[in-house]
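Naming convention: chains lettered A, B, ... in sequence-line order (proteins, then strands); numbering from 1 in each chain. If you're wondering where the values come from, they're calculated on a predicted model, not measured in any experiment. Excluded from the calculations below are hydrogen atoms, water molecules and symmetry mates; all remaining heavy atoms, backbone and side chain alike, are included.
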Amino acid sequence: MNIDEILMDYEAVMRLALERGFYFPSCEVYGDAQAGFWEYGPSGVGLKNKFLELWRRELVRRDGMLEIDGSQIMSKSVFEASGHLGNFADPIIRCTECSSTFRADKTIVDVTGIEVPESAALEEFDDAIVQNNIKCPKCKGDFEKTRNFNMMFKVGIGPEGEEAYLRPETCQSIFVDFPRLFKIMRGKLPLGIAQVGKSFRNEIAPRQSLLRLREFYQAEIEVFCNPAKLDEMDRFSEIENTVIRVQADGDPVSMTCKEALESGMVPNKFVAYYLGILMEFYEKTGIDVKRSRFRKLGDKEKAFYAKVAFDFEVETSIGWLELVACNYRSDYDLSSHTKKSKEKFEVMDNDEKVLPHIFEISMGIDRSLYTILEHSLRDDKEHERIVLSLKPYLSPIHIGMLSLVKKDGLKEKTDEIYLQIKRKCDAFLDHSGAIGRRYRRLDELGVPFAITVDHQTLEDDMVTLRMRDSMEQKRVKISELESVIVEAISFP
RNA sequence: GCGGAAUUAGUUUAGUCUGGUAUGACGUCAGCUUCCCAAGCUGAAGGCCGCGGGUUCAAAUCCCGCAUUCCGCACCA
C-alpha cells in the first residue's frame with residue numbers, strides 16, 4: 001500500500017471533523033456567530049486530552065518541568081511591560097472612498113521608500129502620507145487618519161470597566177509568576193515551566209478552521225537558564241543521535257542533534273536538547289516527521305522579543321504549517337518585568353546571581369491536532385473504507401465492543417464484558433446493524449481495536465480482537481482481555 | 001479588511017434563469033433476514049431552503065443589507 005497515494009486533504013479532514021464530532025463552528029445556530037471560534041466535540045476532546053497527556057509525558061515529566069495554570073485575563077501592566085501594547089498592534093489606514101484597509105507603514109514604504117517604524121507615533125504616519133500625497137493604491141481616494149489596530153482583546157473589569165486584556169500568549173503568566181515559583185518549588189537553573197491554556201488574538205482574517213483562530217489553545221514551555229552555561233547540558237546525550245531536519249538558507253537537511261550542534265546550525269547544546277525532545281514527542285504523535293523541518297528564521301521574520309528562532313513546521317495539503325515557535329527570548333521578558341514591576345527576577349545559580357535567559361517552546365495545539373488528523377487519514381480503496389490510523393494511545397475511543405448479532409444471548413454476554421472493561425479504557429458499545437458496517441464506522445473514528453462476541457464465545461469464553469489498520473483478527477480469552485487491552489493502548 | 005465564488009436534512013444534491021413552502025442518493029433509527037468486514041427487504045425520523053429586510057395575493061426562487069465558508073492579497077501559533 002503506497003501511503004502517498006491515499007493521503008487525504010483539508011476538505012476530507014473537515015468533513016470527518018464535522019461528521020464525527022472532532023470540531024465544528026461555535027454558535028453555529030445563530031447568524032451573528034463570528035469567524036475564528038470553534039468547538040471541540042466529544043471525539044476532538046478525547047484526542048486533545050490524550051495529545052496533552054503525551055505532551056506531559058514527553059516534555060514536562062521527561063525534563064522535570066513545573067506546570068501551572070494561569071489566568072486568561074491579565075492586567076494592563078503585564079502587556080505594557082511585555083511590549084504587546086506597543087508592538088502587537090498594526091498601524092492601519094482606511095480609504096475614504098472604497099474603504100479598503102492597508103498597513104500604514106507598508107503602504108508608505110511601497111510608494112515612497114521612506115521607512116516609518118511600525119512603532120512610530122500615529123501622527124508620523126499621517127505626516128508622511130500628507131507630505132508625499134499618498135493615495136489609495138486601488139481607487140486613488142484619500143485616507144482617513146492612521147489608527148492602531150491592536151490584536152489583543154480589551155476587557156473591562158468591574159462596574160468601572162477597568163482596563164485589562166485577554167492574554168495573547170499563555171507565557172506571560174509564567175514570566176510574572178517566576179520569582180514565586182522559583183522560591184517555593186526549590187528551583188534550580190535550568191528550570192522549565194509549562195502551561196496549557198487558551199490565548200486570544202483579534203485576527204483580521206481568521207481562516208481554515210483550527211489553523212487560524214481568534215481563541216486558541218497553546219501548550220507553552222519556558223525554560224529559564226543561565227546564559228553562561230548554555231553548553232553545560234548533561235541530558236544532551238539522551239538526544240544526541242535523534243534526527244532532526246533543519247533548514248537555514250537552502251533545503252531542509254536531516255541530521256542528528258549532535259551534527260546540528262557541531263555544524264553550527266543550532267547555536268548550543270541547550271537549544272539542541274530541547275529541539276531533540278520536541279522531535280521525539282512529535283514522532284510519537286503519528287505526525288509524519290519526514291515531512292517536518294526546523295526552519296531558522298531570519299531577522300525580519302522573528303517576533304519582536306526573539307534573538308534566535310526556529311519554527312517547527314510540517315507539510316500538509318495546504319502547504320507548510322507552523323506548529324511550534326521555538327524562540328530564544330534572552331532576558332527580554334524578565335528585564336521588562338523587572339523594570340515595570342520593580343520586583344526582583346534575579347535568582348542564584350550556585351554562587352552566581354543571574355537574571356535568567358529564556359528559551360521557549362510555544363506549541364499550537366489546534367494546529368497540531370489538525371495535522372495529526374490529516375497525516376492519519378487514509379482512503380483504503382482496496383477495502384472501500386476511510387481509516388483514521390491514529391496511534392492507539394491517542395484515539396478518542398480505544399475499543400469498539402460489539403455483539404456479532406443481538407440475539408441468542410450474545411447481547412447480554414457483550415454487555416457483561418463491556419461493564420468489565422469500560423473503566424480500564426475508552427470503550428464504545430454497539431449492537432445494531434451489520435458487523436461490517438460497524439467496523440467501518442469505527443475505522444473512520446480511529447478506533448484501533450474492536451472486540452466481537454460470537455456464538456462460539458458462549459462455549460469457549462474467547463472473543464475476536466480485530467485490528468483496525470490490518471483488519472486482521474485473532475481469538476483472545478476473556479480472562480486475558482484486560483491485560484491485552486491495557487498493553488495495546490498504553491503510552492510508549 | 002479588500003476582491004472573487006459559494007451557502008437547500010448529519011453529508012452530497014435537484015429545483016433558482018421562467019415565483020405557487022422542496023427531489024434523489026448516502027448516512028441515522030426501528031424491524032425482518034444474514035451471521036465476521038459498507039449485502040438485501042420493510043418502515044420511520046430528519047428542512048423556518050445561512051440570517052435580516054423589501055417587492056408580491058404568494059419568495060428556496062426577484063431586489064437590498066449582513067454573516068459564514070472556500071480561493072487569492074496582507075498578518076500570524
Side-chain angles (χ1 to χ4, degrees), chain A residues 10-11 14-16 18-21 24-37 88-90 92-95 98-103 105-107 110 118 136-139 149 151 168-171 198-220 301 303 311-313 318 321-327 360-368 370-371 380 383-386 402-408 410 432-444 450-456 463-466 468 471-473 475:
Chain A
Y10 175 83
E11 211 161 296
M14 195 65 226
R15 189 169 17 227
L16 177 81
L18 291 173
E19 284 187 33
R20 298 292 173 201
F24 44 86
S26 180
C27 313
E28 60 179 338
V29 300
Y30 285 108
D32 63 348
Q34 291 290 303
F37 300 94
F88 209 58
D90 294 334
I92 54 170
I93 44 176
R94 183 183 164 99
C95 172
C98 68
S99 68
S100 300
T101 306
F102 303 91
R103 283 274 300 258
D105 52 334
K106 298 218 163 165
T107 309
D110 288 350
E118 204 185 308
C136 172
K138 282 195 179 155
C139 73
F149 176 73
M151 302 257 287
E169 50 179 10
T170 55
C171 57
K198 278 203 166 161
S199 292
F200 304 83
R201 295 183 190 174
N202 201 358
E203 292 287 342
I204 299 170
R207 274 291 159 84
Q208 288 163 321
S209 60
L210 297 191
L211 305 186
R212 190 127 123 254
L213 297 159
R214 288 188 167 129
E215 176 179 340
F216 59 103
Y217 280 104
Q218 292 185 304
E220 290 197 300
E301 282 185 291
D311 277 355
F312 179 71
E313 300 179 328
I318 52 167
L321 184 64
E322 180 184 345
L323 300 188
V324 187
C326 304
N327 295 307
E360 78 170 352
I361 305 170
S362 173
M363 180 180 296
I365 295 175
D366 315 275
R367 290 178 171 190
S368 296
Y370 170 82
T371 307
D380 180 358
H383 300 102
E384 289 183 72
R385 59 178 193 151
I386 305 288
L402 314 175
S403 50
L404 188 58
V405 292
K406 251 185 265 189
K407 38 181 201 184
D408 304 331
L410 296 191
S432 67
I435 192 72
R437 181 184 298 279
R438 281 178 279 163
Y439 285 150
R440 293 293 186 286
R441 211 160 27 204
L442 294 172
D443 290 342
E444 203 177 315
I451 293 165
T452 306
V453 171
D454 55 23
H455 291 96
Q456 208 186 322
V463 290
T464 304
L465 182 67
R466 182 250 192 198
R468 174 194 63 202
M471 298 173 72
E472 282 167 9
Q473 305 187 343
R475 298 289 286 181

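The CZ-P distance, from A:Arg214 to B:A67, rounds to 11 Å in whole Å. In this structure, the CZ atom of A:Phe24 is 15 Å from the P atom of B:U69, given to the nearest Å. Distance, A:Ile386 CD1 to B:U11 P: 17 Å, rounded to whole Å. Whole-Å rounding puts the A:Leu402 CG to B:A38 P distance at 14 Å. We find that CG of A:Asp408 is positioned 14 Å from C1' of B:U33, with the value rounded to whole Å. The distance between atom CG of A:Leu323 and atom C1' of B:C76, rounded to the nearest whole Å, is 14 Å. Taking atom CD1 on A:Ile451 and atom P on B:C37, their separation rounds to 19 Å, with Å as the unit. A:Glu19 places its CD atom 11 Å from the P atom of B:G10, with the value rounded to the nearest Å.
B:A58: no Watson-Crick or G-U partner with both key distances under 3.5 Å is found in any strand. Taking a pair to require two hydrogen-bonding distances under 3.5 Å in either a Watson-Crick or a G-U wobble arrangement, B:U18 remains unpaired. Pair assignment for B:G52 gives B:C64, based on Watson-Crick or G-U wobble hydrogen-bonding distances that are each under 3.5 Å. Under the Watson-Crick or G-U wobble criterion, with both distances below 3.5 Å, B:G46 has no partner in any strand shown. Using N1 to N3 plus N6-O4 or O6-N4 for Watson-Crick, or N1-O2 and O6-N3 for G-U wobble, each under 3.5 Å, B:G27 pairs with nothing. When Watson-Crick and G-U wobble pairs are counted only if both distances are under 3.5 Å, B:A9 pairs with no nucleotide at all. For B:G72, the paired nucleotide is B:C2, the pair qualifying as Watson-Crick or G-U wobble because both relevant distances are below 3.5 Å. Across all strands shown, the partner of B:C32 is B:G40, judged by Watson-Crick or G-U wobble contacts whose two distances both fall under 3.5 Å.
Between A:Tyr10 and B:C70, a side-chain N or O to OP1/OP2 separation shorter than 4.0 Å is present. Phosphate contact (OP1/OP2 of B:C36, side-chain N/O of A:Gln456, threshold under 4.0 Å): absent. The shortest distance between the side-chain N/O atoms of A:Arg441 and the OP1/OP2 oxygens of B:U28 is below 4.0 Å.
A:Thr452 comes within 4.0 angstrom of a base, heavy atoms only. As judged by a 4.0 angstrom heavy-atom cut-off over every strand, A:Asp311 is placed among residues making no nucleic acid contact. If you check every strand for non-hydrogen atoms under 4.0 Å, A:Gln34 touches sugar and phosphate atoms only. Residue contacts for A:Gln473: at a heavy-atom cut-off of 4.0 Å it reaches a base atom on one of the strands shown. Residue A:Ser368 is classed as having no contact, given no heavy-atom separation below 4.0 Å to the nucleic acid.
Taking atom C1' in both B:A60 and B:A39, one finds a spacing of 37 Å when rounded to whole Å. If you take atom P in B:A44 and the same atom in B:A5, they sit 43 Å apart, rounded to whole Å. The same atom, C1', is picked in B:U12 and in B:C76; the two are 34 Å apart, to the nearest Å. As rounded to the nearest Å, B:U16 and B:U7 have P atoms that lie 13 Å from one another. B:U11 and B:C49 have their P atoms separated by 15 Å, given to the nearest Å. For the P atom pair drawn from B:C64 and B:G4, the interatomic distance equals 13 Å after rounding to whole Å. Atom P of B:G72 sits at a distance of 47 Å from the matching atom of B:C57, rounded to the whole Å. Atom name P, nucleotides B:U55 and B:C2: the rounded distance is 28 Å, in whole Å.
Residue A:Arg212 holds its CZ atom at 11.5 Å from CG of A:Leu321, rounded to the nearest 0.5 Å. In this structure, CD on A:Glu203 lies 9.0 Å from CG on A:Leu213, to the nearest 0.5 angstrom.
Side-chain contact between A:Asp443 and A:Asp380 is absent, with no heavy-atom pair separated by less than 4.5 Å. Side-chain contact between A:Leu323 and A:Met363: absent, with no pair of heavy atoms (C-beta onward) separated by less than 4.5 Å. A:Pro168 places none of its side-chain heavy atoms less than 4.5 Å from the side chain of A:Asn202. Considering only heavy atoms from C-beta on, A:Arg438 comes within 4.5 Å of A:Ser403 through its side chain. Taking the side chain as every heavy atom from C-beta outward, A:Arg468 and A:Leu442 never approach each other to under 4.5 Å.
The nucleotide whose nearest atom lies closest to any side-chain atom of A:Arg475 is, among B:C36, B:U69, B:C71, B:C36. Taking only side-chain atoms of A:Ser432, from C-beta outward, the nucleotide of B:C37, B:C29, B:A38 with the closest atom is B:C29.
Scanning all heavy atoms of the two residues, the minimum distance from A:Met471 to A:Arg440 falls at CE-NH1, 4.2 Å.
Between the side chain of A:Arg201 and the base of B:C76 there is no donor-acceptor pair of N/O atoms closer than 3.5 Å. Applying the 3.5 Å distance criterion, the base of B:C76 shares no donor-acceptor pair with the side chain of A:Glu203. Looking at A:Arg437, its side chain has no donor and acceptor atom pair within 3.5 Å of the base of B:C37.
Residues A:Glu444 and A:Leu213 each lie close to RNA chain B; by heavy-atom proximity, the contact nearer the 5' end of the strand is made by A:Glu444. Residue-to-nucleotide proximity on RNA chain B shows that, of A:Tyr217 and A:Lys407, the 5′-proximal contact is made by A:Lys407.
Aromatic stacking of A:Tyr439 on B:A38: not satisfied for centres closer than 5.5 Å together with planes under 30 degrees.
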